[in-house]
Amino acid sequence: MPPTAELQRLLALVNEARSQPRTCGATAYPAAHPLVAEPRLMAAAHVHSADMHEHGFMGHMGSDGSSVSQRVEREGYAWSALGENVAWGYASPDAVMDGWLSSPGHCANIMRLGFTEVGLGLVGTHWTQVFANPR
């Protein structure tokens with residue numbers, strides 16, 4: 001299933017942010033290579049956004065107690081580096097990216113050089129980004 005227009009916009013915003021040096025909190029990050037949307041990561045991100053939406057929560061632990069690593073591995077993705085951003089209540093890709101870039105930890109995930117692939121999910125207003133590098 002191809003990404004929706006909103007998720008395509010979010011991917012463009014992620015790569016735009018990574019294209020220039022950025023300071024996240026007190027840490028400076030160099031520009032980073034663009035991320036590529038990876039189908040298994042897209043599936044893991046969608047499943048987590050759907051779970052958060054269906055069960056009315058926002059968090060990194062799934063309603064079944066799963067972690068991001070467990071959700072990614074369920075999709076058959078073998079990873080060497082992994083990170084996740086979640087958000088709730090933002091009405092657009094631009095708004096959620098502004099929120100993530102304003103948060104040092106979320107911003108650091110977006111800028112991390114060790115990530116090469118990404119999965120993005122949106123159900124309702126529950127957003128998920130899964131960042132990874134394959135094994």
Side-chain angles (χ1 to χ4, degrees):
M1 175 171 73
T4 64
E6 287 173 309
L7 294 181
Q8 289 175 6
R9 172 71 179 152
L10 184 57
L11 178 59
L13 290 169
V14 167
N15 285 330
E16 181 182 311
R18 289 173 64 86
S19 73
Q20 54 194 307
R22 180 174 305 278
T23 300
C24 302
T27 305
Y29 291 88
H33 55 274
L35 299 178
V36 175
E38 201 285 330
R40 293 164 295 180
L41 297 177
M42 294 293 288
H46 174 78
V47 165
H48 191 54
S49 287
D51 182 39
M52 291 188 296
H53 179 74
E54 180 180 331
H55 293 97
F57 74 96
M58 184 191 76
H60 294 286
M61 182 180 294
S63 64
D64 63 355
S66 63
S67 65
V68 63
S69 61
Q70 290 169 318
R71 292 187 294 274
V72 165
E73 290 165 2
R74 284 179 193 160
E75 298 298 333
Y77 187 92
W79 55 273
S80 63
L82 191 61
E84 181 180 65
N85 287 346
V86 296
W88 171 78
Y90 292 92
S92 71
D94 295 74
V96 75
M97 272 300 290
D98 286 346
W100 279 327
L101 290 174
S102 297
S103 163
H106 295 100
C107 180
N109 273 344
I110 291 167
M111 296 302 296
R112 186 169 167 189
L113 291 174
F115 295 141
T116 58
E117 298 177 327
V118 67
L120 307 167
L122 171 62
V123 176
T125 61
H126 288 83
W127 302 82
T128 304
Q129 292 177 314
V130 177
F131 303 95
N133 192 53
R135 219 180 273 152

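Note that the coordinates shown come from a computational prediction; the quantities given were computed from them, not determined experimentally.
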Pro134 side chain reached by Glu117 side chain, heavy atoms, under 4.5 Å | yes
May I ask you to test the His106-Glu84 pair for a side-chain heavy-atom distance under 4.5 Å?
-> no
Side-chain heavy atoms under 4.5 angstrom apart, residues restricted to Ile, Leu, Val, Met, Phe, Trp, Tyr: same cluster for Val123 and Leu7?
-> no
To the nearest 0.5 angstrom, please state how far the [atom1] atom of [X] sits from the [atom2] atom of [Y].
X      : Y      : atom1 : atom2 : answer
Tyr90  : His126 : OH    : NE2   : 12.5 Å
Leu11  : Glu16  : CG    : CD    : 11.5 Å
Leu122 : Trp127 : CG    : CH2   : 4.5 Å
His46  : Asp51  : NE2   : CG    : 11.0 Å
Glu75  : Glu38  : CD    : CD    : 9.5 Å
Leu120 : Met42  : CG    : CE    : 5.0 Å

Remaining members of hydrophobic cluster (4.5 Å side-chain criterion), Trp88 | Met52, Phe57, Met58, Val86
What's in the same ILVMFWY side-chain cluster as Leu41, cut-off under 4.5 Å, chained through other members?
-> Val68, Val72, Tyr77, Trp79, Leu82, Val130
Hey, could you give me each pair passing disulfide (SG to SG under 2.5 Å) that has a residue in [range]? Not counting sequence neighbours.
range           : value
residues 47-91  : none
residues 97-135 : Cys24-Cys107
residues 37-96  : none

Kindly say whether Gln70 contributes a backbone atom to a donor-acceptor pair with the side chain of Glu73 at under 3.5 angstrom?
-> no
For Gly83, does its backbone N or O pair with a side-chain atom of Asn109 as donor and acceptor, under 3.5 Å?
-> no
Distance-only polar pair, side chains of Ser80 and Arg135, donor-acceptor under 3.5 Å | no
Do we see a donor-acceptor contact under 3.5 Å between the side chains of Asp94 and Ser92?
-> no
Side chain to side chain contact (heavy atoms under 4.5 Å, CB included) between His33 and Thr116: does it pass, once the steps are laid out?
-> CA-CA 8 Å; His33 55 274; Thr116 58; 3.7 Å; yes
Measure across [X] and [Y] and return the closest heavy-atom pair with its distance rounded to 0.1 Å.
X      : Y      : result
Glu6   : Ala91  : OE2-O, 4.5 Å
Leu113 : Pro30  : CD1-CG, 3.9 Å
Gly59  : His48  : O-NE2, 2.7 Å
Gly62  : Arg71  : N-NH1, 3.3 Å
Ile110 : Phe131 : CG1-CZ, 3.8 Å
Arg9   : Pro93  : CG-CB, 3.7 Å

Going through the checks in order, is the side chain to side chain contact (heavy atoms under 4.5 Å, CB included) test met by Leu10 and Gln129?
-> CA-CA 9 Å; Leu10 184 57; Gln129 292 177 314; 4.2 Å; yes
Between Val36 and Val118, does a side chain to side chain contact (heavy atoms under 4.5 Å, CB included) hold up when you go through it step by step?
-> CA-CA 6 Å; Val36 175; Val118 67; over 6 Å; no
By side chain to side chain donor-acceptor pair (under 3.5 Å) - contacts of Asn15 (at least two apart) = none
